[in-house]
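What follows is one structure encoded as structure tokens, with my remarks underneath.
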Amino acid sequence: MSTTTWTVANSRKLARAERRRRLGPMGVLTHVALLVWTLLVIVPMVWTFLASVKSEDEIFGDAWSLPAALRWDNFGRAWEQAHIGQYMLNSVVVVVFSTFGTMLVGSMAAYVLARYPFRGNRAIYLLFVSGLAFPVYLALTPLFFVVQNMGNLPVVGPFIGLNTHAGLVLVYIAYSMPFTVFFLSAFFRTLPTAVGEAAMVDGASHTRVFFQIMLPMARPGIVSITIFNVLGQWNQYQLPLVLLQERDKWVLTQGIADISTAAGYDQDWSALFAALTLAILPMLVVYTVFQRQIQAGLTAGAVK
């Protein structure tokens, strides 16, 4: 071994030893846990992507073998015969409107609770936050009857009752509000008040201060909670299962569940994994594109 090679290898060993010394036992355990979690997430995802372009014989053969040929017709069957295209469009429409409504109402509520002291402020905040303690399953039955009764309202009833996307959007907004208010309230409290006060001295209204000054300043937190809401609402299954019973109104999770059930009889596992890939890819792209904004939003409050 040459002197240069020995020096480089020795430097690497010293660098690794120094990193371990700085990390300490808890740091090493944290990195090991993150590595295990990464494998638990990535390995099934990679296997799903591989299975989506395999034949059924290849899926049930060597699980990690590469496909002999890329079978893109699996996606065609999932898109057309299983109507994944229509279900994906329904999901996009529902998630776009519900996320917009959640962020609009949630940000305004969080801003008022964080920046305007008034009698009952704390009670209202705790009422919002208490929604985090109630699982979806606990309210499915009463929620079904509430939405059913909403359908009996005059004029708007047929648009917000059962088997309507607008009704599902309202339920998504209601279920997303607790975490949105909890997260943004803490974020709004970290913002400086001098800029808003100066704008109000110049004659700006409360509405203008919120939309033109405070909301842009809270952009990292807004982006972070928006992505969390998009991910949660895109993957929601229990609520649409109860509130949407007409097949043409189904969202993507219902369509994939239907393929999974049918696969037990029709044995079209390739189309099932193709549908799963179509459901995963949009959220994977969204998270990859906005990864830095999410991290900035989660750490901004601590840094300030």
Side-chain angles (χ1 to χ4, degrees), residues 8-54 56 58-67 70 74 78 91 95 129 132-137 175-176 178-180 182-183 186-187 220-221 223-239 252-253 256-257 259-260 263-264 269-270 272-303:
V8 172
N10 192 42
S11 299
R12 290 176 178 174
K13 290 180 180 179
L14 291 174
R16 286 195 295 267
E18 179 64 19
R19 284 198 298 270
R20 285 195 295 267
R21 187 186 66 79
R22 289 200 305 265
L23 287 174
M26 290 303 299
V28 173
L29 289 176
T30 300
H31 280 70
V32 171
L34 289 175
L35 178 61
V36 172
W37 177 256
T38 301
L39 292 175
L40 290 175
V41 172
I42 291 180
V43 171
M45 193 177 298
V46 172
W47 191 87
T48 300
F49 292 162
L50 283 175
S52 67
V53 291
K54 287 183 176 182
E56 292 180 3
E58 291 173 329
I59 291 175
F60 291 100
D62 187 355
W64 290 104
S65 64
L66 295 176
L70 299 179
N74 297 339
S91 289
V95 170
V129 175
L132 295 172
F134 293 93
V136 175
Y137 303 99
Y175 265 96
S176 302
F179 183 67
T180 302
F182 171 74
F183 185 94
F187 196 89
V223 172
S224 297
I225 195 63
T226 298
I227 300 303
F228 282 127
N229 283 327
V230 168
L231 293 174
Q233 294 170 6
W234 181 267
N235 295 323
Q236 180 60 244
Y237 175 66
Q238 293 89 359
L239 292 176
L252 188 58
T253 49
I256 292 176
I259 298 176
S260 178
W269 295 97
S270 301
L272 171 62
F273 289 111
L276 287 172
T277 301
L278 291 173
I280 293 171
L281 285 178
M283 295 301 100
L284 191 61
V285 171
V286 167
Y287 187 82
T288 303
V289 171
F290 294 100
Q291 181 180 6
R292 291 185 180 274
Q293 288 85 342
I294 293 174
Q295 293 174 350
L298 292 176
T299 58
V303 173

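Every heavy atom of this structure was used, including side-chain atoms; hydrogens, water molecules and symmetry mates were not.
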Classify the ring geometry between Phe183 and Phe179 as parallel (under 30°), tilted (30 to 60°) or perpendicular (over 60°).
-> tilted
Shortest non-hydrogen separation from [X] to [Y] and the atoms involved:
X      : Y      : value
Asn74  : Ser52  : ND2-O, 2.9 Å
Phe187 : Gly221 : CZ-N, 3.6 Å
Ala275 : Ile259 : CB-CD1, 3.8 Å

Can you establish whether the number of heavy atoms outside Phe49 located under 6.0 Å from its atom CZ is more than 12?
->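 Buried by this count: over 12 neighbours within 6.0 Å.
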Partner residues of [X] under the side chain to side chain contact (heavy atoms under 4.5 Å, CB included) criterion, sequence neighbours left out:
X      : value
Tyr237 : Leu241, Thr253, Gln254, Ala257
Pro67  : Leu50, Val53, Lys54, Glu58, Leu70
Ile42  : Thr38, Val46

Show me the donor-acceptor pairs within less than 3.5 Å that the side chains of residues 276-286 make with the rest of the protein, sequence neighbours left out.
from	atom 1	to	atom 2	distance (Å)
Thr277	OG1	Phe273	O	2.9

Residues two or more places apart in sequence or in another chain: which of them pass side-chain hydrogen bond (donor to acceptor under 3.5 Å, both in side chains) with Gln236?
-> none
Output all residues satisfying side-chain hydrogen bond (donor to acceptor under 3.5 Å, both in side chains) with Thr180, sequence neighbours left out; order by chain, then residue number.
->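 Expected list: Asn229.
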Leu34 side, atom CG; Leu29 side, atom CG - distance, nearest 0.5 Å |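 Atom-to-atom, Leu34:CG and Leu29:CG are 11.0 Å apart.
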